[in-house]
Visitor: 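I have a structure here, written as structure tokens, and I will follow up with some questions on it.
Computed from a predicted structure; not experimentally measured.
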Protein chains: 2
Amino acid sequence: MSAPQLQAVQCADCPIRHRAVCAKCNTDELETLDHIKYYRTFEAGQPVIWSGDAMSFVGSVVSGIATLTQTMEDGRTQMVGLLLPSDFVGRPGRDTAAYNVVATTELVMCCFRKKPFEDMMVETPHIAQRLLEMTLDELDAAREWMLVLGRKTAREKIASLLAIIARREASLHKETVKGEMVFDLKLTREAMADYLGLTLETVSRQISALKKDGVIVLQGKRHVTVPDMQRLMEEAGDDSDGGFLV
Amino acid sequence: MSAPQLQAVQCADCPIRHRAVCAKCNTDELETLDHIKYYRTFEAGQPVIWSGDAMSFVGSVVSGIATLTQTMEDGRTQMVGLLLPSDFVGRPGRDTAAYNVVATTELVMCCFRKKPFEDMMVETPHIAQRLLEMTLDELDAAREWMLVLGRKTAREKIASLLAIIARREASLHKETVKGEMVFDLKLTREAMADYLGLTLETVSRQISALKKDGVIVLQGKRHVTVPDMQRLMEEAGDDSDGGFLV
DNA sequence: CGACCATTTGAGCATCATCAACACTAGTGG
DNA sequence: CCACTAGTGTTGATGATGCTCAAATGGTCG
């Protein structure tokens with residue numbers, strides 16, 4: 001159960017080619033990246049890096065999901081990022097990790113040693129440009145999230161999270177975000193609680209409530225059907241159709 | 001009481017020269033900026049731009065304070081950014097504002113029309129580089145803030161806000177963040193509440209409590225003395241000396 | 001089967017929101 | 001000069017939302 005498909009994938013064939021930090025690179029630039037990249041895999045539950053540790057690499061999530069979390073001494077933890085395929089990990093110019101990164105599912109990352117990557121960023125505006133775009137998008141997402149954390153009720157928080165996941169799912173498959181949507185929750189109740197600043201009990205209760213009210217339908221604990229996205233977004237407190245920043 | 005000191009300041013003499021988006025520019029580049037920039041002033045309480053409005057410019061805060069807020073239809077509002085001198089407003093490549101920007105004090109901004117600025121970003125890597133750095137810093141700040149919103153108690157939230165303001169004050173004057181600190185709160189109780197996801201009553205109560213317990217001393221409503229920063233940071237729930245990302 | 005984990009559900013309680021009254025200050029106009 | 005108003009802040013009483021502690025359920029894996 002360790003290190004599956006570590007064979008060198010060509011950048012040109014990479015599944016996240018058009019969304020990751022390398023999205024704007026031309027053929028020559030991709031070839032350079034091909035030489036300095038390497039893959040790493042992590043099993044579900046495994047830490048990728050711990051806050052404060054030396055960080056010798058940066059990289060992109062190729063497949064799987066990871067979480068970015070912050071913790072206080074007494075153990076309270078807050079998720080501050082949910083890393084999906086194509087998301088970037090690490091900050092050029094910083095040499096210790098600022099957050100905990102943990103693989104939630106089996107995870108494949110495309111890594112670059114920090115120094116060569118930083119060198120390449122200087123020579124390759126395409127990479128820096130793309131990283132700026134991605135960082136601005138993340139900042140928007142973080143600000144959306146701050147509204148959820150600061151001002152929404154528990155029920156609205158759950159509805160918001162489901163809407164966000166549904167939206168990302170849709171954007172990945174280039175589907176529409178209207179009508180019915182079906183997806184798997186790849187997070188535990190506890191991870192959702194850490195995402196939303198709730199306890200896992202409250203998460204469980206509110207999911208049950210949304211189910212009872214017909215806003216969602218569950219098959220098992222994790223497989224979600226949303227019969228009417230419009231209804232879900234109303235429950236989330238979002239105005240009718242705004243907030244499509246993904 | 002309108003449009004004070006609108007005389008053209010030379011970029012080279014600009015008070016935010018070394019921290020703003022132009023920080024990395026050389027003399028030639030500054031001269032170009034000198035030609036396309038213009039100043040705008042806003043009175044305290046005046047909106048700079050409203051979410052959804054067309055945004056024809058980007059710019060930097062030169063002096064004063066502005067807030068970035070998001071609101072829900074029913075009026076609940078969450079601050080998602082506190083803009084101090086040198087902070088950047090607007091997103092290159094986006095043509096409508098995503099947030100409300102409001103001047104909290106009298107405000108002077110150094111503006112660039114969006115198109116010329118975007119053109120210049122392409123030709124001038126120094127600007128794009130600096131904008132990336134600043135955006136990454138903002139993202140870190142937003143994530144710190146998410147921990148505050150999601151997991152801290154009301155008392156810890158207030159202590160955290162005071163610590164953040166003290167830290168920024170110190171970094172502006174290049175002072176140390178140890179021992180005693182004195183500063184003015186440039187925010188109303190309501191603005192603090194919107195920052196922290198609380199009500200203004202709770203803000204008021206917790207400030208009173210911190211005062212009663214000797215963590216802070218107040219002269220008037222807004223002038224704060226922190227006798228012992230270490231103590232304040234303990235109240236904020238921050239580990240002894242970490243979290244210095246400013 | 002038994003151990004373990006994720007999840008659900010219940011009961012009681014603490015924190016913070018809500019509603020309301022009041023204090024203080026500055027500005028306005030009679 | 002003084003009432004009048006608007007804005008800001010403090011404080012009190014009450015209650016709802018979500019947390020804490022606790023127990024039970026169901027699924028998975030050895």
Visitor: Start at the 5' end of DNA chain D and walk down; is the nucleotide closest to B/R189 or to B/R151 reached first?
Guide: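 It is B/R189, whose closest nucleotide lies nearer the 5' terminus.
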Visitor: Rounded to whole angstrom units, what separation is found between the CG atom of A/L149 and the P atom of D/dG18?
Guide: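 Result: 13 Å.
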Visitor: Going by atom types alone, do A/D194 and A/T77 pair a side-chain donor with an acceptor below 3.5 Å?
Guide: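 On atom types as modelled, these side chains qualify, holding a pair under 3.5 Å.
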Visitor: Pick the nucleotide of DNA chain C nearest each of A/K221 and B/R155; which residue has the one closer to the 5' end?
Guide: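 Its nucleotide being nearer the 5' end, the pick is A/K221.
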Visitor: Rounded to whole angstroms, how far apart are CG on A/L218 and C1' on D/dG26?
Guide: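 Roughly 15 Å, once rounded to whole Å.
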Visitor: Would you say A/T104 and A/K186 are linked by a side-chain donor-acceptor pair, where the criterion is simply a distance under 3.5 Å?
Guide: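 Note: A/K186 and A/T104 side chains miss the donor-acceptor criterion.
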Visitor: Can you find a pair of side-chain heavy atoms, one from B/W50 and one from B/V102, that are under 4.5 Å apart?
Guide: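 B/W50 reaches B/V102 side chain to side chain.
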Visitor: Over how many whole Å does the gap from B/L185 atom CG to D/dT10 atom P extend?
Guide: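 Atom CG in B/L185 sits about 10 Å away from atom P in D/dT10.
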Visitor: Contact class for A/R76 vs. all strands (heavy atom < 4.0 Å): base, sugar-phosphate, or nothing?
Guide: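 Nothing: the residue A/R76, judged by heavy atoms under 4.0 Å, touches no strand.
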Visitor: Write down the distance between NZ (B/K152) and C1' (C/dT15), rounded to a whole number of angstrom.
Guide: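 It works out to 18 Å between those atoms.
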Visitor: Indicate, with a heavy-atom threshold strictly under 4.0 Å, whether A/R222 touches base, sugar-phosphate, or nothing.
Guide: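 Counting heavy atoms under 4.0 Å across all strands, the contact made by A/R222 is with sugar-phosphate only.
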Visitor: Rounded to whole angstrom units, what separation is found between the NZ atom of B/K212 and the P atom of D/dT10?
Guide: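 For the pair B/K212 NZ and D/dT10 P, the rounded distance is 15 Å.
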Visitor: Taking atom CG of B/L196 and atom CG of B/L161, what is their separation to the nearest 0.5 Å?
Guide: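 Between B/L196 CG and B/L161 CG, I get 5.0 Å after rounding to 0.5 Å.
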Visitor: Check whether NZ of the Lys or CZ of the Arg B/R222 lies under 6.0 Å from the centre of the six-membered ring of B/F183 and within 45 degrees of that ring's axis.
Guide: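 No - B/R222 does not lie over the ring of B/F183 by the 6.0 Å and 45° rule.
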Visitor: Between A/D184 and A/K221, does any NZ, NE, NH1 or NH2 come within less than 4.0 Å of an OD or OE carboxylate oxygen?
Guide: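 Salt bridge: no.
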Visitor: Look up atom CD in B/E235 and atom OG1 in B/T153, then write down how far apart they are to the nearest 0.5 Å.
Guide: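 Going from the CD atom of B/E235 to the OG1 atom of B/T153 covers 9.0 Å.
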Visitor: Round to a whole Å and report the spacing from CE of B/M192 to P of C/dA17.
Guide: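 Going from B/M192 (CE) to C/dA17 (P), I get 15 Å.
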Visitor: If I take atom CG in residue A/D74 and atom P in nucleotide D/dT20, what distance separates them, rounded to the nearest angstrom?
Guide: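 Whole-Å distance recorded here is 10 Å.
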Visitor: Quick one, which residues of residues 193-211 of chain B touch DNA chain C with a heavy atom under 4.0 Å?
Guide: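 Within residues 193-211 of chain B, the residues near DNA chain C are B/G197, B/L198, B/T199, B/E201, B/T202, B/R205.
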